[in-house]
K.L.:
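Sharing a structure here in structure tokens format.
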Amino acid sequence: MNDTTRTQNQTTHRVEKSDSEWREQLTPEQYEVLRHKGTERAFTGQYWHEKRDGTYRCAGCGTELFSSDTKFDSGTGWPSFTEPADRANVELVEDRSWGMRRIEVNCAACGGHLGHVFPDGPGETRERYCINSCSLELDER
């Protein structure tokens with residue numbers, strides 16, 4: 001992957017809100033993670049151990065991000081998925097913060113920070129989408 005944002009569908013509808021609108025809509029923790037690239041502490045989020053079936057949507061804008069069908073227990077303390085529900089709904093961006101080189105996962109619609117993807121997952125792609133619980137909302141089936 002190169003140093004630029006990668007999406008399969010460049011026509012994704014962007015959700016634009018002012019900082020005050022985001023602050024009003026989101027909880028303080030959601031605001032810190034989604035808008036300022038924060039990270040919740042491991043094993044504290046509401047979905048790291050979630051087993052119910054459904055669709056995980058962006059807590060900022062409701063975009064469909066992940067399916068419970070691809071969720072697995074990575075042992076890391078964050079919800080982990082093998083792939084997005086629709087690759088066009090996430091943006092992958094190189095992240096060189098904290099002295100590391102990682103791939104950041106953002107919502108393609110609102111730009112909200114979701115987490116990171118790592119090359120140590122199960123399955124054919126070996127990808128592990130490690131996502132903050134507070135950046136998600138589960139829409140149960």
Side-chain angles (χ1 to χ4, degrees), residues 1-19 21-141:
M1 179 179 340
N2 60 32
D3 290 353
T4 60
T5 300
R6 180 181 82 183
T7 62
Q8 288 182 344
N9 179 1
Q10 296 296 326
T11 61
T12 300
H13 174 71
R14 289 296 278 193
V15 174
E16 301 288 339
K17 294 184 181 187
S18 69
D19 187 63
E21 288 173 313
W22 285 120
R23 281 186 186 275
E24 188 175 305
Q25 174 190 334
L26 302 171
T27 68
E29 185 179 32
Q30 287 173 324
Y31 178 81
E32 179 59 28
V33 169
L34 287 164
R35 308 318 308 167
H36 290 284
K37 303 179 188 292
T39 301
E40 64 193 7
R41 289 188 350 259
F43 303 102
T44 63
Q46 67 178 345
Y47 297 129
W48 74 269
H49 56 78
E50 182 60 61
K51 304 277 191 245
R52 292 177 289 171
D53 288 338
T55 299
Y56 289 87
R57 298 183 177 279
C58 177
C61 68
T63 296
E64 179 181 353
L65 298 172
F66 299 97
S67 168
S68 61
D69 295 338
T70 65
K71 189 173 186 293
F72 68 99
D73 183 0
S74 64
T76 62
W78 288 279
S80 295
F81 304 87
T82 57
E83 63 186 346
D86 184 337
R87 179 59 187 83
N89 291 347
V90 298
E91 294 175 332
L92 302 180
V93 181
E94 186 171 11
D95 174 5
R96 292 182 178 238
S97 64
W98 302 98
M100 296 181 272
R101 186 174 184 196
R102 303 177 291 175
I103 304 300
E104 179 181 1
V105 181
N106 295 325
C107 174
C110 71
H113 172 75
L114 305 171
H116 291 87
V117 62
F118 299 98
D120 61 1
E124 197 173 294
T125 67
R126 305 283 301 151
E127 292 181 324
R128 172 176 54 95
Y129 285 80
C130 185
I131 307 298
N132 291 286
S133 285
C134 67
S135 66
L136 300 172
E137 290 183 351
L138 177 59
D139 186 5
E140 276 189 85
R141 284 188 211 151

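As a basis for the values below, the full set of heavy atoms in this structure was taken, side chains included, without hydrogen atoms, waters or symmetry mates. Note that this is a predicted model, so its numbers are computed, not measured.
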K.L.:
Residues two or more places apart in sequence or in another chain: which of them pass salt bridge (Lys or Arg N to Asp or Glu O under 4.0 Å) with Lys17?
P.N.:
none
K.L.:
Counting only heavy atoms not in Arg41 (residues, nucleotides, ligands), do more than 12 fall under 6.0 Å from its CZ?
P.N.:
no
K.L.:
Please check: side-chain N/O of Glu64 versus main-chain N/O of Ala85, any donor-acceptor pairing under 3.5 Å?
P.N.:
no
K.L.:
Are side-chain heavy atoms of Glu50 and Pro79 found at a separation under 4.5 Å?
P.N.:
no
K.L.:
Minimum heavy-atom separation for Arg128 and Ser74, please, with both atom names.
P.N.:
CD-CB, 3.6 Å
K.L.:
Would you name the heavy atoms of Val105 and Tyr129 that are closest together and state the gap between them?
P.N.:
CG2-CD2, 3.8 Å
K.L.:
How about Leu114 and Val33: do any of their side-chain heavy atoms sit closer than 4.5 Å?
P.N.:
no
K.L.:
For the ring pair Tyr31 and Trp22, is the centre-to-centre distance below 6.0 Å?
P.N.:
no
K.L.:
To check you understand the geometry: which heavy-atom pair defines the closest contact between Thr82 and Pro122, and what is its length?
P.N.:
CG2-CG, 3.9 Å
K.L.:
Quick check: do Phe66 and Asn89 have side-chain heavy atoms less than 4.5 Å from each other?
P.N.:
no
K.L.:
Could you tell me whether the side chain of Asn106 reaches within less than 4.5 Å of the side chain of His113, counting heavy atoms only?
P.N.:
yes
K.L.:
Go through the steps for Arg35 and Glu21 under the test salt bridge (charged side-chain N to carboxylate O under 4.0 Å, His left out), then give the verdict.
P.N.:
CA-CA 11 Å; Arg35 308 318 308 167; Glu21 288 173 313; over 6 Å; no
K.L.:
Shortest non-hydrogen contact from Cys130 to Trp78?
P.N.:
SG-CB, 3.7 Å
K.L.:
Please find the pair of heavy atoms, one from Cys107 and one from Arg14, that lie closest to each other, and give the distance.
P.N.:
O-NH1, 4.0 Å
K.L.:
Could you check if a side-chain atom of Glu127 sits within less than 4.5 angstrom of a side-chain atom of Pro84, using non-hydrogen atoms only?
P.N.:
no
